[in-house]
Colleague: 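First the structure, which I've put down as structure tokens, then a few questions once you've had a look.
We count ligands from 1, going down the list as the structure has it; atoms in each ligand are counted the same way.
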Amino acid sequence: MNETLTGIVDSGVVAVLRGVPADELIAIAEALREGGVTAVEITADTPDVADLLRDVTGSFGDDELVIGTGTVLDSETARTTLMAGAEFVVSPSLHEDVIETCNRYGAVSAPGVMTPTEAVRGYEAGADFVKVFPAKTVGPDHVGAMKGPLGQIPMMPTGGVGPDNAADFIDAGAFAVGAGGALVDYDAAARGDYEAITETAREFTRIVEDARADG
Ligand SMILES: O=C(O)C(=O)C[C@H](O)[C@H](O)COP(=O)(O)O
């Protein structure tokens with residue numbers, strides 16, 4: 001397994017930062033890291049995403065934080081953000097050209113999928129894992145049912161995943177989960193309460209670790 005994938009597995013939770021304020025990015029990333037969330041994606045619809053990626057990759061060592069881009073819908077965005085330091089690329093949907101671009105540059109790619117057909121198509125196209133999105137809508141049973149015949153495809157449910165359902169997704173066979181809203185409280189960051197972000201991250205990673213240990 002390459003280092004980026006190992007980093008995502010080790011983290012167990014990938015934090016999705018959408019619209020993160022530039023002046024709070026590093027403090028938020030540090031707060032997440034303190035809480036054990038060591039894989040972070042900045043979504044491509046965040047203003048100045050390439051600058052933010054440069055900023056965060058320049059602030060943390062490779063062994064401290066794994067950085068990726070989320071909401072990548074086209075290969076141009078994949079390439080631009082990989083050049084800015086992203087190590088993995090996540091999409092809400094399946095784009096074979098994005099997967100191809102990631103493989104061209106040796107980066108990890110994860111298309112968004114909802115059905116077994118999409119999961120297989122993404123994996124055949126060379127994706128490292130698939131993001132089951134939006135996960136809450138279909139729930140852990142859907143992930144478990146897909147993992148039955150498709151056990152070889154690593155799945156990361158994302159979208160509506162929180163401390164209340166993360167363990168169920170891991171129990172269903174997910175290797176990790178992605179989370180934005182339930183993990184990163186921008187209001188807390190705006191108040192300077194980064195400890196609150198660390199606490200949520202700590203709770204989240206503990207839930208995933210416990211679910212893995214039970215499984
Ligand atoms: O477009 C992407 O690449 C995404 O990752 C979609 C969503 O931003 C995440 O699924 C986070 O969703 P919440 O945890 O419900 O906030």
Side-chain angles (χ1 to χ4, degrees), residues 4 8 11-21 24-25 28-29 31-32 35 37 39-47 49-50 52-53 56 66-82 84 86-99 101-102 107-115 118-119 122 127-140 142-143 154-170 172 174-189 196-197 200-201 203-205 207-208:
T4 303
I8 292 170
S11 181
V13 180
V14 174
V16 182
L17 301 183
R18 185 183 304 284
V20 59
E24 284 163 13
L25 170 63
I28 288 174
L32 289 166
V37 174
V40 172
E41 71 180 63
I42 304 174
T43 63
D45 56 350
T46 303
V49 62
L52 298 183
L53 286 164
V56 80
V66 181
I67 318 286
T69 323
T71 320
V72 175
L73 305 180
D74 52 78
S75 55
E76 290 81 2
T77 303
R79 183 182 181 283
T80 304
T81 58
L82 290 174
E87 298 160 79
F88 67 95
V89 164
V90 181
S91 308
S93 37
L94 174 60
H95 306 273
E96 291 176 8
D97 59 338
V98 169
I99 298 167
T101 300
C102 289
V108 165
S109 65
V113 306
M114 184 75 121
T115 66
E118 292 164 356
D128 295 276
F129 62 93
V130 297
K131 163 174 136 169
V132 179
F133 177 80
K136 191 180 180 180
T137 319
V138 288
H142 183 77
V143 174
M155 298 186 190
M156 183 179 82
T158 306
V161 177
D164 54 323
N165 59 10
D168 295 335
F169 282 111
I170 299 294
F175 81 99
V177 294
L183 177 59
V184 189
D185 180 351
Y186 292 122
D187 291 338
I197 294 175
T200 307
E203 185 196 355
F204 225 125
T205 48
I207 287 168
V208 168

Colleague: Are the side chain of Glu41 and the backbone of Val16 linked by a donor-acceptor contact shorter than 3.5 Å?
Modeller: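 No, Glu41 side chain to Val16 backbone: no donor-acceptor pair under 3.5 Å.
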Colleague: Answer yes or no: does an N/O atom from Thr43 fall short of 3.5 Å to an N/O atom of ligand 1?
Modeller: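 No, Thr43 has no N/O under 3.5 Å of an N/O on ligand 1.
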Colleague: Which of the numbered atoms in ligand 1 are under 4.0 angstrom from any heavy atom belonging to Arg18?
Modeller: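 Answer for ligand 1: 1 (O), 2 (C), 4 (C), 6 (C), 7 (C), 8 (O).
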Colleague: Does ligand 1 have an atom that lies less than 4.0 angstrom from a heavy atom of Lys136?
Modeller: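 For ligand 1, residue contact (heavy atoms, under 4.0 Å) with Lys136 is absent.
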Colleague: How many angstroms lie between OG in Ser75 and NE2 in His95, if you round to the nearest 0.5 Å?
Modeller: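 It comes to 10.5 Å.
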Colleague: Measure the spacing between CG of Leu52 and OG1 of Thr81 and express it to the nearest 0.5 Å.
Modeller: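 Leu52 CG to Thr81 OG1: 11.5 Å, rounded to 0.5 Å.
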Colleague: How far is atom 14 (O) of ligand 1 from its nearest protein heavy atom, and which residue and atom is that?
Modeller: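 Result: Gly180 N, 2.8 Å.
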Colleague: Would you call Gly178 a ligand 1 contact, heavy-atom distance under 4.0 Å?
Modeller: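 It does not, in that no heavy atom of Gly178 comes within the 4.0 Å cut-off of ligand 1.
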Colleague: So is there a nitrogen or oxygen of Gly70 less than 3.5 Å from a nitrogen or oxygen in ligand 1?
Modeller: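 By distance alone, the answer is no.
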Colleague: Which atoms of ligand 1 have any heavy atom of Gly159 under 4.0 Å away?
Modeller: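 Atoms satisfying the 4.0 Å criterion: 10 (O), 12 (O), 15 (O).
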Colleague: Which atoms form the tightest heavy-atom contact between Val49 and Ala44, and what is the distance?
Modeller: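 So the two residues come closest at CG1-O, 3.8 Å.
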Colleague: Backbone or side chain, does any N or O of Ala179 fall under 3.5 Å from an N or O of ligand 1?
Modeller: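 There is no such contact.
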Colleague: Judged by atom type as modelled, is there a donor-acceptor pair below 3.5 Å linking the side chain of His142 to the main-chain atoms of Thr137?
Modeller: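 Flag not set: sc His142 to bb Thr137 has no pair under 3.5 Å.
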Colleague: Is any side-chain heavy atom of Val40 closer than 4.5 Å to a side-chain heavy atom of Val56?
Modeller: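 A side-chain contact is absent here, since even the closest heavy-atom pair is not under 4.5 Å.
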Colleague: Heavy-atom contacts with Gly160 under 4.0 Å: which atoms of ligand 1 show up? List them by number with element.
Modeller: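 With Gly160 as reference, the close atoms of ligand 1 come out as 13 (P), 14 (O), 15 (O).
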Colleague: Just by distance, do the side chain of Asn165 and the backbone of Asp168 share a donor-acceptor pair under 3.5 Å?
Modeller: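 Here the side-chain-to-backbone pair does not exist.
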Colleague: At what distance is the nearest protein heavy atom to atom 1 (O) of ligand 1, and which residue and atom is it?
Modeller: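 Nearest protein contact, heavy atoms only, for atom 1 (O) of ligand 1 is Thr71 OG1, 2.7 Å.
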Colleague: Taking both backbone and side-chain atoms of Ser91, is any N or O found less than 3.5 Å from an N or O belonging to ligand 1?
Modeller: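 Such a contact does not occur with ligand 1.
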Colleague: Can you tell me if Thr43 and Thr46 form a side-chain donor-acceptor pair at under 3.5 Å?
Modeller: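 On atom types as modelled, these side chains qualify, holding a pair under 3.5 Å.
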Colleague: Heavy-atom contacts with Glu41 under 4.0 Å: which atoms of ligand 1 show up? List them by number with element.
Modeller: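 So the answer, numbered in order with elements, is 3 (O), 5 (O).
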Colleague: Looking at ligand 1, would Thr158 count as a contact under a 4.0 Å heavy-atom criterion?
Modeller: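 Right, Thr158 reaches ligand 1.
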Colleague: Which atoms from ligand 1 have a heavy atom of Lys131 less than 4.0 Å away?
Modeller: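 It comes down to these atoms of ligand 1: 1 (O), 2 (C), 3 (O), 4 (C), 5 (O), 6 (C).
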Colleague: Classify the contact between Val16 and ligand 1 as side chain, backbone, both or neither, using a heavy-atom distance cut-off of under 4.0 Å.
Modeller: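 Under 4.0 Å from ligand 1, Val16 contributes side-chain atoms alone.
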Colleague: Applying side chain to side chain contact (heavy atoms under 4.5 Å, CB included), run through Leu32 and Leu17 and close with a yes or a no.
Modeller: CA-CA 11 Å; Leu32 289 166; Leu17 301 183; 4.3 Å; yes
Colleague: If the cut-off is 4.0 Å to any non-hydrogen atom of Gly181, which atoms of ligand 1 fall inside it?
Modeller: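 Atoms satisfying the 4.0 Å criterion: 13 (P), 14 (O), 16 (O).
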Colleague: If every non-hydrogen atom of Gly122 is compared with every non-hydrogen atom of Ile99, which pair is closest and at what distance?
Modeller: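 What the structure gives for the nearest pair is O-CD1, 3.8 Å.
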